[in-house]
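Encoded as structure tokens, the structure appears first; notes follow it.
By convention in this document, chain letters (A, B, ...) are assigned in the order of the sequence lines, proteins followed by strands, and residues within each chain are numbered from 1.
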Amino acid sequence: NAGVTQTPKFRILKIGQSMTLQCTQDMNHNYMYWYRQDPGMGLKLIYYSVGAGITDKGEVPNGYNVSRSTTEDFPLRLELAAPSQTSVYFCASSIPGLGGEKLFFGSGTQLSVL
Amino acid sequence: AQSVSQHNHHVILSEAASLELGCNYSYGGTVNLFWYVQYPGQHLQLLLKYFSGDPLVKGIKGFEAEFIKSKFSFNLRKPSVQWSDTAEYFCAVSSSGGYQKVTFGIGTKLQVIP
């Protein structure tokens, strides 16, 4: 199994450009998430989805948009890139259960906005 | 809202030393607790988790954590660290029941010196 796959791994954007970070999972997980990781700040939840067609904001949604048209895919869109969006982005997925959420993470996308 | 506090941001230990990383959470209800680890160049992976039962939880690679409800704590321990334990460690909490949003602490970087 591939698990959670993110593309691209690295990207440099100019201020004002737009891009889409791709995330796909092959585990048939209902829940998917986008986190950003900044040094000394831990992981902050940007958006999450509990199933196809359902998305909701996390802690830091401003400047981002998501969609969830299929169970497998959960792309994250940056419309007008800003230096504050320089970060490492992680997509994750999980399946709800009594044992609590075990998150499966992708390998991350390192984004620089210059 | 739930939150997680990790006390040690950067820890340096010699091989064979004992490790304890502090984690406290704030949430008024029943929680699930997690420790995730991120080895250099790799994505986050689950180290161990607590959701019910024995408050002493054993995870992979000899790690364990103890849930102390009265102290709202979930400290991570290992009796004897190895160089390969060099990584960043994240404590996380989610509420039990319903959608279990996971909130992460800011992480602790552990450096083990041979």
Side-chain angles (χ1 to χ4, degrees), chain A residues 1-7 9-10 21 23-25 27 29-51 54-61 68 87-110, chain B residues 1-10 21 23-25 27 29-54 57 59-60 65 67 74 87-109:
Chain A
N1 279 344
V4 179
T5 302
Q6 289 182 238
T7 56
K9 293 190 183 303
F10 303 94
L21 280 65
C23 176
T24 186
Q25 52 93 7
M27 297 173 284
H29 285 172
N30 293 333
Y31 292 0
M32 295 188 75
Y33 315 79
W34 274 106
Y35 285 90
R36 59 177 287 173
Q37 183 183 21
D38 300 300
M41 301 293 288
L43 280 80
K44 299 293 185 184
L45 182 64
I46 305 171
Y47 271 94
Y48 66 95
S49 168
V50 300
I54 306 169
T55 63
D56 207 347
K57 296 177 181 178
E59 303 168 79
V60 290
R68 184 94 182 271
S87 187
V88 180
Y89 292 84
F90 288 99
C91 180
S93 71
S94 70
I95 191 164
L98 291 175
E101 300 287 340
K102 175 181 177 180
L103 297 176
F104 293 80
F105 284 88
S107 57
T109 296
Q110 190 167 330
Chain B
Q2 60 205 35
S3 66
V4 178
S5 175
Q6 290 184 243
H7 316 301
N8 318 100
H9 300 167
H10 196 176
L21 301 182
C23 173
N24 286 92
Y25 68 92
Y27 182 70
T30 305
V31 294
N32 303 310
L33 294 158
F34 311 83
W35 278 97
Y36 282 84
V37 61
Q38 186 176 26
Y39 297 104
Q42 297 186 27
H43 57 270
L44 283 90
Q45 56 188 287
L46 184 68
L47 197 57
L48 48 78
K49 68 177 181 181
Y50 169 83
F51 65 98
S52 68
D54 189 344
V57 180
I60 59 173
F67 171 50
F74 190 56
E88 191 160 14
Y89 294 81
F90 293 90
C91 184
V93 62
S94 72
S95 56
S96 293
Y99 165 60
Q100 303 165 353
K101 187 183 82 169
V102 181
T103 299
F104 285 83
I106 65 172
T108 297
K109 287 188 178 179

*Steps toward side chain to side chain contact (heavy atoms under 4.5 Å, CB included) verdict (A:Tyr31, B:Val102)*: CA-CA 12 Å; A:Tyr31 292 0; B:Val102 181; over 6 Å; no
*Does the side chain of B:Leu44 come within less than 4.5 Å of A:Leu103's, by heavy atoms?*
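No, their side chains stay 4.5 Å or more apart.
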*Close side-chain approach of B:Gln38 and A:Gln37, heavy atoms under 4.5 Å*: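 B:Gln38 reaches A:Gln37 side chain to side chain.
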*Checking heavy atoms, do the side chain of A:Tyr35, its backbone, both or neither come under 4.5 Å from chain B?*
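Side chain of A:Tyr35 only, per the 4.5 Å heavy-atom cut-off to chain B.
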_Approximate separation, where rounding is to 0.5 Å, of A:Leu43 CG and B:Thr103 OG1_ =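 Going from CG on A:Leu43 over to OG1 on B:Thr103, the span is 11.0 Å.
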_Distance in Å, B:Tyr36 OH paired with A:Lys102 NZ, rounded so as to fall on 0.5 Å steps_ =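 NZ of A:Lys102 is found 8.0 Å from OH of B:Tyr36.
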*Got a sec, which residues hit side chain to side chain donor-acceptor pair (under 3.5 Å) with A:Ser107, two or more places apart in sequence or on another chain?*
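For A:Ser107, the residues satisfying side chain to side chain donor-acceptor pair (under 3.5 Å) (neighbours in sequence not counted) are A:Lys9.
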_What part of B:Gln6 gets within 4.5 angstrom of chain A, counting heavy atoms only: side chain, backbone, both, or neither?_
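Neither part; nothing is under 4.5 Å.
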